[in-house]
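We count residues from 1, following the sequence as given.
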Amino acid sequence: MTEPVVTERRGPRRVAPRRPGPGVIAGRAAACCLSLAVLGASGFAWYTTNQLNAVNRSRALDDARKDAPAHLDSSVNILLIGLDSRKNMDGTDLPKEFVQDELHAGSSEIGGYNTNSLIVLHIPPSGKAQAVSIPRDDWVQTYGADGKMHKIKEAYGYAKEAAEEKLRAKGLKGAELEQQSREAGRSATIQTVQKLLDIPIDHFAEVNLIGFYDIAKALEPIPVCLNNAVDDPIVSRITDSKGNVTRPGGGTGLRLPAGVSQLDAAQALSFVRQRHNLTNGDLDRTHRQQAFIASVEYKLKQQGVIGDLGKMQDLLNVVKKDVVIDDRWQILDFVQQAPNLTGGNVEFNTLPIDKFATIGGQEVNQVDPVKLRRIVKQLFGQPVDADPAATPATPATSATPSPSEAPAADATVDVLNGSPVSGAAGEESKALVALGYRAGKVDTADTRPRTTTVKYGTGARDAAQQIAARYGATATASSAIAPGHVQVLLGADHTATATTTGDPTAPAAPAPTATLQMQGPPVKAGGVPCVD
C-alpha cells in the first residue's frame with residue numbers, strides 16, 4: 001500500500017503548504033547523505049584526484065561570494081542542501097516502481113524543488129564543529145528570484161522556475177535546461193541562507209532522494225536509538241472495533257522498539273522522514289536527521305567503514321552519481337579538516353522559531369532574523385554586537401538570575417585556569433564573550449583550587465552574580481580585582497563540565513548551548529544518540 005499523498009508545489013505553485021507529501025523523504029533525508037559524504041572524506045584520500053574530481057560540480061556560489069560577509073577567522077562554513085525532488089540529474093523521473101513500491105512514496109510526478117533540509121556545518125580552526133538546522137517553513141526574505149517573503153525551502157523552486165522560463169526562450173531543453181535552472185535554485189538558496197544568518201558560505205553540497213537511499217544502501221545496517229517505541233502506519237487512519245478513528249495514519253510504515261536498532265536503507269528513509277505520531281512534527285523530525293548523521297559518523301569511525309576499501313568504493317560511486325558540490329571545494333584538502341568532524345566533535349542544533357502563523361493561507365514559522373544571527377554567531381564563537389532588545393540588569397534579589405534569564409551585565413572577564421583541563425581558560429573566555437561579556441586576561445593560575453571561584457571589582461557585581469550562577473559559585477567582592485572586572489578562577493571541579501570525553505587532557509568544550517535559545521536539545525555526535 002502506498003502512502004497517502006499530500007501534494008506540494010512544483011516551483012512557486014503550491015496546494016498544501018504545511019503538510020508535505022512523501023516527497024519530503026528527500027528533504028528530510030538529504031542532509032544525512034550529504035553529511036555522509038562529508039564525514040567520510042578522510043577515507044577518500046585513498047583514491048586518485050581524478051576520481052574525486054568526477055563528483056558533479058556547480059558554480060552556484062559565484063554570486064553569493066560577491067557580497068558575502070567577511071570571515072573573522074579561518075573557519076569554514078558548509079551548507080548542506082537536501083532537495084525535495086524525485087528527479088534524476090537530467091530531470092527525468094525516478095523509476096515509478098522504486099518510488100512507489102520500494103519507498104512507499106506515492107507518485108514520481110509529485111516531487112518538487114523545495115529544500116526541506118538545510119544544515120550549516122561550521123568547522124572552526126580548532127575545537128568542536130557546530131551544525132545548525134534551519135526549519136524548512138521559516139518565513140524569510142528569499143533571494144535570486146522575486147526577492148519576496150517565502151518559506152525558506154521555496155527559494156530554490158522559485159528561482160529555478162524563473163530561470164527555466166528564460167532558458168526555454170533561448171532554446172534550451174532536456175538535461176541542459178534542468179542543469180542550468182537548478183544552478184539558479186542553488187544560488188538563490190545559498191544567498192538566502194547567507195543573508196538570513198549573516199555568515200559567509202564557503203562550500204555547499206546538494207543531494208536528493210536517490211542519493212540518500214544509495215548511500216544508506218552502501219552502509220547498511222545503520223544503528224539508531226529511540227527513546228520510545230514507534231508505530232507510524234502507512235494507512236490513512238486506524239479505527240477501533242466500533243469504527244472510531246483512534247489514531248491518524250499517513251505515515252512511513254516504520255515500526256521499531258525503544259533502544260538501539262539496526263536499519264536497512266528503506267528503514268533509514270522511514271526513520272528520518274517520520275512526522276506523524278511525533279509531539280513536535282517537523283521539528284522532532286529534524287532531530288531524527290541529526291541523530292542519524294551522528295550515528296553514521298559513529299559507524300564510519302568505529303566500525304571500520306573508512307578502512308574497508310569495498311565500502312569506500314561504494315560510497316565514492318554514490319557521491320560521484322548523486323551529490324553536487326561547488327567547483328572550488330578541493331576534497332583532498334578537506335581531508336585535513338576531517339579530524340574536526342569525527343570522534344564526537346560535532347554538535348547539532350536547530351534554530352528556534354518565534355511562533356506558528358498563517359500568512360496568505362500558508363502555515364509558516366515566524367522567526368526574528370536579528371535573533372537568529374546573534375544565536376549563530378554566539379554558537380560559532382564569533383563577536384556579537386550588543387542586543388538592542390536587552391534591558392539593563394536590575395539589582396540583585398534573593399533569586400539570582402541565570403545567564404539564560406538575564407542579559408549580560410557590562411563587565412570585562414579575566415579567566416585563570418587552575419583546573420586539570422588543558423585550554424579551559426581560553427575556551428571559557430570564548431564562551432563568556434559569546435554570552436555578551438568583554439574578554440579580559442586569559443592565563444594559567446598560580447594555584448590549583450578545588451572549586452571554581454568568581455570575584456569582582458567595583459561596579460561589576462551584577463555581572464559577577466550572573467557569571468557565578470553559570471558555575472554554581474558565589475560571587476565575592478575583592479579590592480584586588482580592577483574596577484569593572486570579574487575574575488573567574490577555574491578549579492578542579494571544572495573538569496566534569498569542561499569536557500564530555502572523560503579525557504582530562506582534551507580541550508574544553510565551547511559555550512554550553514543550554515545558554516542559547518534553540519529548538520529542542522542539541523544532538524551530539526560520538527555515539528548513537530537516542531531521540532524521540
I'd like to know if the side chain of [X] reaches the main chain of [Y], judged simply by a donor and an acceptor atom lying under 3.5 Å from each other, with no hydrogens or angles considered.
X: Glu183; Y: Arg59; value: yes
X: Gln487; Y: Val454; value: no
X: Asn114; Y: Asn116; value: no
X: Ser295; Y: Ala291; value: yes
X: Thr115; Y: Gly82; value: no
X: Glu347; Y: Gln130; value: no
X: Asp326; Y: Phe204; value: yes

Do [X] and [Y] meet the criterion of a side-chain donor-acceptor pair at a distance under 3.5 Å?
X: Glu176; Y: Gln180; answer: yes
X: Thr350; Y: Gln290; answer: yes
X: Gln191; Y: Ser187; answer: yes
X: Tyr156; Y: Glu161; answer: no
X: Gln289; Y: Ser133; answer: no

Checklist entry - Between Asn365 and Lys355, does a side chain to side chain contact (heavy atoms under 4.5 Å, CB included) hold up when you go through it step by step? => result CA-CA 6 Å; Asn365 304 329; Lys355 63 180 180 179; over 6 Å; no

Checklist entry - When you measure from the centre of the six-membered ring of Tyr143, is the NZ or CZ of Lys195 under 6.0 Å away and within 45° of the axis? => result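 Yes, Lys195 and Tyr143 form such a contact.
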
Checklist entry - Does Arg288 count as lying over the ring of Phe271, i.e. NZ or CZ under 6.0 Å from the six-ring centre, within 45 degrees of the axis? => result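 Because its charged atom sits under 6.0 Å from the ring centre and within 45° of the axis, Arg288 does stack over Phe271.
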
Between [atom1] on residue [X] and [atom2] on residue [Y], distance to nearest 0.5 Å:
X: Asp368; Y: Asp138; atom1: CG; atom2: CG; answer: 11.5 Å
X: Asp198; Y: Arg374; atom1: CG; atom2: CZ; answer: 12.5 Å
X: Leu118; Y: Thr189; atom1: CG; atom2: OG1; answer: 6.5 Å
X: Lys160; Y: Tyr113; atom1: NZ; atom2: OH; answer: 4.0 Å
X: Leu121; Y: Ile201; atom1: CG; atom2: CD1; answer: 10.0 Å
X: Arg328; Y: Ser58; atom1: CZ; atom2: OG; answer: 11.5 Å

Next on the checklist: Applying side chain to side chain contact (heavy atoms under 4.5 Å, CB included) to Ile78 and Trp329, what does each step give before you reach the verdict?
Outcome noted: CA-CA 10 Å; Ile78 302 170; Trp329 196 354; 3.7 Å; yes

Using 4.0 Å as the upper bound for N to carboxylate O, is an ion pair formed by [Y] and [X]?
X: Glu206; Y: Arg186; answer: yes
X: Glu154; Y: Lys151; answer: no
X: Lys153; Y: Asp137; answer: yes
X: Arg65; Y: Asp202; answer: no

Next on the checklist: For Asp414, give me all partners under salt bridge (Lys or Arg N to Asp or Glu O under 4.0 Å), at least two apart in sequence or on another chain.
Outcome noted: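 By the salt bridge (Lys or Arg N to Asp or Glu O under 4.0 Å) rule, Asp414 matches no residue at all.
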
Any heavy-atom pair between the side chains of [Y] and [X] that's under 4.5 Å?
X: Val120; Y: Phe380; value: yes
X: Leu83; Y: Val207; value: no
X: Val324; Y: Arg57; value: no
X: Lys371; Y: Asp354; value: yes
X: Tyr158; Y: His150; value: yes
X: Leu197; Y: Ile134; value: yes
X: Thr142; Y: Ile152; value: no
X: Ile375; Y: Leu351; value: yes

Next on the checklist: Set out, in order, the CA-CA distance, both residues' side-chain angles and the distance that settles side chain to side chain contact (heavy atoms under 4.5 Å, CB included) for Val367 and Val140, then state yes or no.
Outcome noted: CA-CA 8 Å; Val367 297; Val140 303; 4.1 Å; yes

What heavy-atom pair brings [X] and [Y] nearest, and what distance separates the two atoms?
X: Ala64; Y: Ile190; result: CB-CG2, 3.6 Å
X: Thr452; Y: Leu490; result: OG1-CA, 3.7 Å
X: Ala439; Y: Thr412; result: O-CG2, 3.8 Å
X: Ser75; Y: Pro124; result: CB-CA, 3.9 Å
X: Asp443; Y: Ala425; result: O-CB, 3.9 Å
X: Ile353; Y: Pro135; result: CG2-CG, 4.1 Å

Checklist entry - Can you check side chain to side chain contact (heavy atoms under 4.5 Å, CB included) on Ile467 and Val413, steps first, answer last? => result CA-CA 9 Å; Ile467 293 170; Val413 184; 3.5 Å; yes

